[in-house]
Amino acid sequence: MIDREKIEKAIRLFLEGIGEDPDREGLRETPQRVARMWEEFEKLRSFDMKLFEEFGTYNEMVLVKDIKFYSLCEHHLLPFFGSVHIAYIPDGVICGLSKLVRTVRSFSLRPQVQERLTEEIADFLERELKPKGVGIVVEAEHLCISMRGAMSPGHLTVTSALRGVFLKDMKTREEFLKLVKSP
Ligand code: ZN
């Protein structure tokens, strides 16, 4: 649950901590705005995973490429963002494609690390769809790397998670990775 009061107090203190005057015009409403934003994130995270069983005869790979996402690295609370590619091979159950987009949003709108985001999406889809296999690739730019430290704007960090036949069957894995790479 989001505690607005705590967020507001913390942001005000944070602004003081970096030497800003939290009462100047531009910053006066910032603590409330940040609290409202996190409330919004919380709402956007929840959704109903509706499944369809009547498409039980489709047993080929379902691949949705380039699902855009925005998340916050939990080490610096700076955004990391990019694309998620999701593939699964159904075993009698499929979901609406928009639910895959909602799944990505649900796990990205929180403090995260890219590796865990990748795993959580794979585990969730494996649990919900009970498919023959799941493959996830996440490509992201991290502002904590682009803006500071290594100062490497435009870099891409790539992570992947493979489950079921994507792990066991080399042909399935190769097909998935080839489809992800093709324009
Ligand atoms: Zn970071």
Side-chain angles (χ1 to χ4, degrees), residues 1-22 24 26-47 63-88 98-128 134-163 166-167 173 176-177 180-181 183:
M1 262 310 276
I2 293 293
D3 185 330
R4 271 175 90 143
E5 206 179 312
K6 264 193 187 161
I7 297 174
E8 287 171 16
K9 268 192 209 151
I11 294 297
R12 191 182 161 85
L13 214 59
F14 164 76
L15 290 170
E16 283 174 11
I18 60 168
E20 291 285 342
D21 169 13
R24 74 176 168 84
L27 294 177
R28 212 181 298 143
E29 306 283 323
T30 297
Q32 291 88 317
R33 274 194 291 260
V34 173
R36 272 203 302 276
M37 182 177 78
W38 279 95
E39 264 180 356
E40 231 177 287
F41 288 169
E42 192 186 45
K43 279 197 201 105
L44 288 170
R45 281 199 298 259
S46 63
F47 70 102
L63 171 70
V64 182
K65 278 172 64 165
D66 275 319
I67 300 172
K68 302 292 177 210
F69 78 94
Y70 297 88
S71 188
L72 287 170
C73 96
E74 65 187 22
H75 304 131
H76 304 91
L77 295 183
L78 282 175
F80 69 96
F81 55 92
S83 300
V84 182
H85 313 292
I86 295 180
Y88 69 99
S98 70
K99 298 300 179 187
L100 297 178
V101 178
R102 303 298 295 269
T103 299
V104 169
R105 194 192 283 168
S106 177
F107 290 105
S108 57
L109 281 180
R110 60 182 74 196
Q112 256 301 11
V113 293
Q114 185 176 333
E115 293 83 349
R116 190 172 63 230
L117 172 66
T118 313
E119 298 277 331
E120 282 179 348
I121 294 170
D123 291 340
F124 177 79
L125 293 176
E126 198 180 32
R127 206 166 56 235
E128 292 292 320
V134 176
I136 309 290
V137 170
V138 180
E139 302 174 295
E141 176 173 357
H142 293 245
L143 288 192
C144 63
I145 300 175
S146 307
M147 289 174 73
R148 54 172 284 284
M151 286 276 189
S152 166
H155 72 277
L156 277 184
T157 303
V158 183
T159 48
S160 66
L162 304 169
R163 303 282 187 268
F166 286 77
L167 203 60
R173 181 165 63 218
F176 167 56
L177 295 174
V180 163
K181 270 186 238 151

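Counting starts at 1 for both ligands and their atoms, following the listed order. The model shown is predicted, which means the values in this text are computed figures rather than measured ones. Counting begins at 1 with the first residue of the sequence.
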His142 and Phe80 aromatic ring geometry - parallel, tilted or perpendicular at 30°/60° bounds:
parallel

Find, among atoms of His76 that are N, O or S, the one nearest to the Zn ion (ligand 1), and state its name.
ND1

Tell me whether the Zn ion (ligand 1) has His142 as a neighbour, meaning an N, O or S atom of it below 2.8 Å.
no

Angle at the Zn ion (ligand 1): provide the value between SG of Cys73 and SG of Cys144, rounding to 10 degrees.
120°

Passing candidate, side chain to side chain contact (heavy atoms under 4.5 Å, CB included) with Ile136, options Asp123, Thr118, Leu117
Thr118

Would you say the side-chain atoms of Gln114 and Thr159 include a donor-acceptor pair closer than 3.5 Å?
yes

What verdict does the side chain to side chain contact (heavy atoms under 4.5 Å, CB included) test give for Lys68 and Asp66, after you've listed the backbone C-alpha separation in whole Å, the side-chain angles of each residue and the deciding distance to 0.1 Å?
CA-CA 6 Å; Lys68 302 292 177 210; Asp66 275 319; 3.6 Å; yes

